[in-house]
Amino acid sequence: MSFYRERMSSGLDIKNEELYGGVGDGGVVGFHCFSCWNITSKMSEDEIYDDYDVDDDSAEESGNESADNEEMDYEYSTQEIDFDDIHSSNRSIGKLTRQKSFEVLDRSELVSESRKLIKEVMDVLSIPSEAAVSILLRHMKWNKEKLIERFMDNQDKLCSDAGIPNLRLDKAVDKSLQKFSCLICLEDFPPSQTFALSCDHRYCLACWKLYLECKIGEGPECIYSTCPAPKCKVKVHEDAFKKLIESVAYEKYSNFILKSYVDDNPQVKWCPAPGCVYSVRCDRKERKEAVTCKCGFQYCFNCNDSEIGDHMPCPCSQVDKWLQKASDESENVTWMLANTKKCPECRSPIEKNGGCMHMTCRKNAGGCGFEFCWLCRGPWSDHGSATGGYYNCNKYDKSKAKEDDEKANDAKTELEAYMFYYHRYESHKNAMKIADEQRRNAHQKEQQILSKFDVRSADTKFLMEATEQLLRNRRVLQYSYVYGYYLDKKSNERNLFEYLQEDLEKHTNQLSTYYELSLDKLDDYQAFIKWKEQVTNYTRITKKFLDHFVEGVAGGLTGSHHNN
Amino acid sequence: MNSLPKRIIKETERLVKEPAPGISATPNEENLRYFNVVITGPVDSPFQGNVSHHKSGGVFNLELFLTDDYPMSAPKVRFLTKIYHPNIDKLGRICLDILKDKWSPALQIRTVLLSIQALLSAPNPDDPLANDVAEHWKSNEKDAIQTAKEWTRLYAA
């Protein structure tokens, strides 16, 4: 930590200050820089240090160091940067809030985690059988504390409720038994080819196998399978499954157990990306940032939705509201309110798309045939010389029509606002939709570069980085319009937010322009290197801007109250 | 057709040889998994035939089918004769736990049919399949029983 601060207060900062000294003041009126706003974010020092993970940070630091040093070699020719890291300590805060507080788990990690939990319970309650504890834990939705509490409270009741009375597993076969008749297949067997749980409902091994495999075929509930005897509530334990069925089926069964471990655990969720096998543990209750799965998918842990993905800087509740709004009929109603008037007689909605003020509620369109004035909604028969000529109306102000019109106007403004935000949201969303195609194109371009200029494959890495950065920008922009829509129309927060949002759009477009440059325009290696530097440089600038933007918005730009 | 499991053969033999009182189940000649079932309405239930009118009545026809999964999954049973009963709907489908989630492979055709016979003696309007009938049963049991008797006379003769 101290090393980091020291380094940050070295020459690099001076250079930065030299570079951007005046820009911050001129650009963002009344606010110095993004780093300062971080102070206003609601995290206290303690909280920050709570999340501070030493191992993780040191790794990141060493990575950053080289990046920062490299940065010094670049010329910042652009004047569009309004802020950068000037105060080393503030920079650290920003960095710390970005600490990982989640963990991606693969199958084997899940297995060992769930096993560990079982072992812990076995130790605490001195139960020797893993299979028995597994049943108890599943019965209690994998809640160790609750299980221990209930067990201490009334052991017998808990065990029989869970389906493992007296914690007994199997019933050994009676040695004196000569021949056994299975009540399922109605055939006779030597006792050695039979099995019974503690309830002593004995069946042949073949019927057990068929029964359990049938249960597994029915799906995830198979982990709660009971003894096949009518109305018997004794649960079939893991060891019985293992002993009685084929290994392929048993693997399916164990997967269902893992599934219940994840599904019942509020801190662990499956990655929602299609086909992804990983799960993610996230201990923080209110996590604002996205988690990143090993499959590469970045998403909000709380929403856990492959469609929504990462919705920074929007809070989850806003995304919910927004999606609801987009899917329900309310916008149709708003449109009707804004663009139609109701026939004064039959209340059918009428849209005026041209012509004079003399309206007829057309019968052939389902109307009533009433003739009225569009302006005052009075009967047309009242109109004439008294109203300033047949096709004019001066009664407008007197009628209550004015109130209706105001309402319609409000609706129209609101609708237009919504359309504005929705349009922008949608277009960035569409850009996300072709993300895979973009990635493919980037790979193609890489190949072309490799063949055209004699460079190492490491020299084309910047292209993928730029691609990912662009995609990230688009996603943040997409949700920033949701955020913008719900921002108080007249607040300072809004002014600043829109200013920054506009900048983010600009940066994104600029990066996109650099990035999309046709290779034909690069004549030689020198030109390529120059272009590469340009893209690399701008990717980094954009990344920084974006990170600050997201952090700043989430923490509240003006430090005023933020309804997250 | 798949060869018939031993269990089905044994069950069928026993059903034919020692039928349960008031129940007969005959396998279809072309499909040994399909049974024609006849259940006589239990004594002292609205589904009992009307003895005083010298009419043999209270005879209910059902169909029973054993799926390929039998006995791991329950047989499919349905009333063919119209019946006024809160747990049996107008298509003859029966609301009975052992035919659904409480099925156990250790149950048999015989036990299923005995349970259905018991259901005729003890209608359960609190767990209805035919809502209107159940409502009738709960609001005016006497009247509902009268209707049930009437239906038995009309359709189950």
Side-chain angles (χ1 to χ4, degrees), chain A residues 163 170-171 173 179-191 193-236 240-241 244-246 249-250 252-253, chain B residues 2-20 23 25 27 32-33 35 64-77 87 94-119 122 124 126-127:
Chain A
D170 311 343
K171 179 86 175 175
V173 71
K179 205 173 71 179
F180 170 80
S181 184
C182 171
L183 269 177
I184 293 179
C185 60
L186 307 179
E187 288 182 60
D188 294 342
F189 291 93
Q193 286 177 36
T194 66
F195 176 80
L197 293 170
S198 63
C199 51
D200 204 17
H201 295 122
R202 192 163 292 280
Y203 304 101
C204 76
L205 295 179
C207 282
W208 266 108
K209 176 169 179 281
L210 202 61
Y211 173 73
L212 294 179
E213 288 182 354
C214 219
K215 286 284 174 193
I216 291 170
E218 282 168 20
E221 291 296 301
C222 70
I223 61 167
Y224 306 111
S225 294
T226 55
C227 159
K231 310 227 152 93
C232 180
K233 290 200 168 67
V234 173
K235 295 251 168 66
V236 186
F241 267 95
L244 296 165
I245 61 178
E246 301 278 340
Y250 181 72
K252 250 188 176 171
Y253 168 78
Chain B
N2 298 337
S3 68
L4 216 54
K6 219 172 189 173
R7 153 146 176 178
I8 297 184
I9 297 171
K10 280 193 177 167
E11 270 201 76
T12 311
E13 273 174 9
R14 199 168 152 234
L15 274 170
V16 175
K17 241 191 268 166
E18 335 159 13
I23 294 171
L32 293 171
R33 285 174 175 272
F35 290 76
L64 181 147
F65 181 69
L66 306 174
T67 61
D68 282 346
D69 292 336
Y70 183 81
M72 291 310 155
S73 65
K76 307 249 175 285
V77 201
N87 308 105
I94 307 160
C95 178
L96 189 62
D97 58 354
I98 58 159
L99 290 177
K100 306 269 158 52
D101 54 322
K102 291 286 176 346
W103 169 253
S104 147
L107 293 171
Q108 298 188 0
I109 301 174
R110 173 188 301 270
T111 41
V112 167
L113 295 178
L114 282 168
S115 298
I116 293 174
Q117 197 182 39
L119 190 67
N124 179 8
D126 292 323
D127 181 20

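Note on naming: letters A, B, ... go to the chains in the order of the sequence lines (proteins, then strands), and numbering restarts at 1 for each one.
Interface remark: of the candidates B/Lys102, B/Glu11, B/Arg7, B/Lys6, B/Arg7 forms the most heavy-atom pairs closer than 4.5 Å to chain A.
Residue contact with chain A, scored on non-hydrogen atoms closer than 4.5 Å, involves the side chain of B/Ile98 exclusively. Proximity to chain A (any heavy atom under 4.5 Å) is shown, for B/Pro5, by neither the backbone nor the side chain. In this structure, chain A has no heavy atom under 4.5 Å from any part of B/Asp69.
At most 12 heavy atoms of other shown residues, nucleotides or ligands fall within 6.0 angstrom of atom NZ in A/Lys233. The number of heavy-atom neighbours closer than 6.0 Å to CD of A/Gln193, taken from other residues, nucleotides and ligands shown, is above 12. Enclosure of atom NZ in B/Lys17 is not indicated, since only 12 or fewer non-hydrogen atoms of other residues, nucleotides or ligands lie within 6.0 angstrom.
In this structure, B/Met72 and A/Cys207 approach most closely via the heavy-atom pair CE-O, 3.6 Å. Taking all atoms of both residues into account, the shortest heavy-atom contact from B/Ser104 to A/Ala229 is OG-C, 3.6 Å.
For residues 181-189 of chain A, the interface with chain B (any heavy-atom pair closer than 4.5 Å) comprises A/Leu183, A/Ile184, A/Cys185, A/Leu186, A/Glu187, sorted by residue number. Residues of residues 220-227 of chain A placed with any heavy atom under 4.5 Å of a heavy atom in chain B are absent; none qualify.
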